[in-house]
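Data block below; observations after.
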Protein chains: 2
Amino acid sequence: MRTKEGNKEQDILEAAIKIFAESGYHNAKIHKIAELAGVATGSVYVYYENKEMILLTIFAKLWDKLFLELKEIAESKDIDAVEKFDMMIDLLFDTFIQDPALAIVFVNEQNYLLQKSPEKFTLYYEKFLDLGEAIVNEGISNGVFNTKIDVKMIRSFIFGGMRLLLHQWANNPDSVSLHHIRQNVKYFCKKGLLN
Amino acid sequence: MRTKEGNKEQDILEAAIKIFAESGYHNAKIHKIAELAGVATGSVYVYYENKEMILLTIFAKLWDKLFLELKEIAESKDIDAVEKFDMMIDLLFDTFIQDPALAIVFVNEQNYLLQKSPEKFTLYYEKFLDLGEAIVNEGISNGVFNTKIDVKMIRSFIFGGMRLLLHQWANNPDSVSLHHIRQNVKYFCKKGLLN
DNA sequence: CCCTTTATTGAATCAATATTCAAAAATAAA
DNA sequence: TTTATTTTTGAATATTGATTCAATAAAGGG
């Protein structure tokens, strides 16, 4: 009997995020991922069925985390909608500030996956956006947010805007502080949403 | 002497937009583009150096058009900043409403090109965003737009938000009217921007 | 210390497709 | 017509890189 040394599954995933971020999914070579992870090329296939499964795993874990944390926020009884909205923005920024490479992969490859195998994760993605929508709707019911706005649309708009800013930041983290971006986004969105 | 029949260069470009939209750039096959354009595989290479040049040409033409038209708007003396802002949003929506496939390619492949050969077209892209920024700055000088906002940031935010909405619409044009999207975007942004 | 089991390896395979190019076809001028 | 020139063709080539798998290594139980 031989036992597994270290956590190659995780090592490979982390290496893949870096390589995908650097070269883009389609130009990323499996042997480069293996090299960075410190394993043999073949080992990658012991842990992941194929290249696409690696990408899928990255996204599944990310959306899972985001969904669970936003759920916590959305369901909290003693926080008002405006505050929840703030926390949602923070959640996204905080998630990516810890891993710029993940932010790049997220922005660049999300559309590809959505096109390639929607059934596999449209679910998570939609569930997350639905929670965001619920928060805004709560604000509307309570009379703090504007009723003139189509919430489904604005949730996508805000999400798209944040995505682009995150991407720019992740590609060049020194050019602007994420804190500054975050402040502006919150200010702009709340001004747009509030009565 | 033999003369060219029709306009294969254009036919190929139009076919490429459709195929890229449908399969994504990386999964698009040259022979499929040729087939749709009604030419032989080899003919594609008579008109375009390689696959990437086709994509580059699509973007160059698009950005060129957008830049020139926004320039017209931005430089006009007898339109105020708020109206110019409106027209800018309209310009983007009008461009893509005529060609949903182009909208999909635009959203999906822009980041790839930006990463692959920034030098080749960062220029156009930046020039367009700069014009948008100038419009907002004009509104600030005239006291109609809010000074608390970082214009460079918000121009990206708005652009990113519109991009995502366009993408959703282009993938499923019947689900929402682009007119409705446009109204909401204008309303939300102006509320966010105005004093 | 051997044996069995499981983990790891990486060179060889193999499929996919972008690109090339020699041949064929079409046109216009002579 | 014939010829010269340019366009078009699509089968053949060449490359690349994902995936496989037989061989090797390590670990634990007996």
From the list D:dT8, C:dT19, C:dT9, which nucleotide is the closest neighbour of the side chain of A:Val39?
-> C:dT9

To the side chain of B:Lys51, which of D:dT19, C:dA18, C:dT9 is closest?
-> C:dA18

Rounded off to whole Å, could you give me the CD1-to-P distance for the B:Ile30 and D:dG10 pair?
-> 16 Å

Taking only the side-chain nitrogens and oxygens of A:Lys8, find out if one of them lies under 4.0 Å from OP1 or OP2 of C:dT8.
-> yes

Name the closest nucleotide to the A:Tyr45 side chain, picking from D:dA18, C:dT9, C:dT19.
-> D:dA18

Examine B:His26 together with B:Tyr112 and report whether their ring centres are nearer than 6.0 Å.
-> yes

Rounding to a whole Å, what distance do you find between A:Glu49:CD and D:dA18:C1'?
-> 13 Å

State which of D:dT8, C:dA18, C:dT17 makes the closest approach to the side chain of B:Lys29.
-> C:dT17

Heavy-atom closest pair (A:Ile33 atom, A:Ala15 atom, distance to 0.1 Å) is O-CB, 3.6 Å

Just checking, any donor-acceptor pair under 3.5 angstrom between side chains of B:Asn111 and A:Asn108?
-> yes

Length of the line joining A:Asn7:CG and C:dT8:P, which is rounded to integer Å = 10 Å

Does a side-chain N-to-carboxylate-O contact under 4.0 Å join A:Glu14 and A:Lys61?
-> no

N or O in side chain of A:Ser43 less than 4.0 angstrom from C:dT9 OP1/OP2 | yes

Tell me: CD1 of A:Ile33 to P of C:dG10, nearest whole Å?
-> 17 Å

Distance in angstrom units between B:Met53 CE and C:dA18 P, rounded | 17 Å

Give B:Val44 one of three labels, base, sugar-phosphate or nothing, depending on what nucleic acid heavy atoms sit under 4.0 Å from its own.
-> nothing

Picking from A:Phe67, A:Trp63, A:Phe59, what satisfies ring-ring contact (aromatic ring centres under 6.0 Å, His included) with A:Phe128?
-> A:Trp63

Rounding to a whole Å, what distance do you find between A:Asn50:CG and D:dT20:P?
-> 8 Å

Might you point out which heavy atoms bring A:Phe157 and B:Cys189 nearest each other, and give the distance in Å?
-> CZ-SG, 3.6 Å

Could you identify which residues of residues 10-25 of chain B place a heavy atom less than 4.0 Å from some atom of DNA chain C, listed by residue number, or say none?
-> none

Given atom OH of A:Tyr47 and atom P of C:dA7, what is their separation to the nearest angstrom?
-> 7 Å

Nearest heavy-atom pair of B:Tyr187 and A:Asn146: which atoms, and what distance?
-> OH-ND2, 2.9 Å

Find the distance B:His31:NE2 to C:dT20:P and express it as a whole number of Å.
-> 17 Å

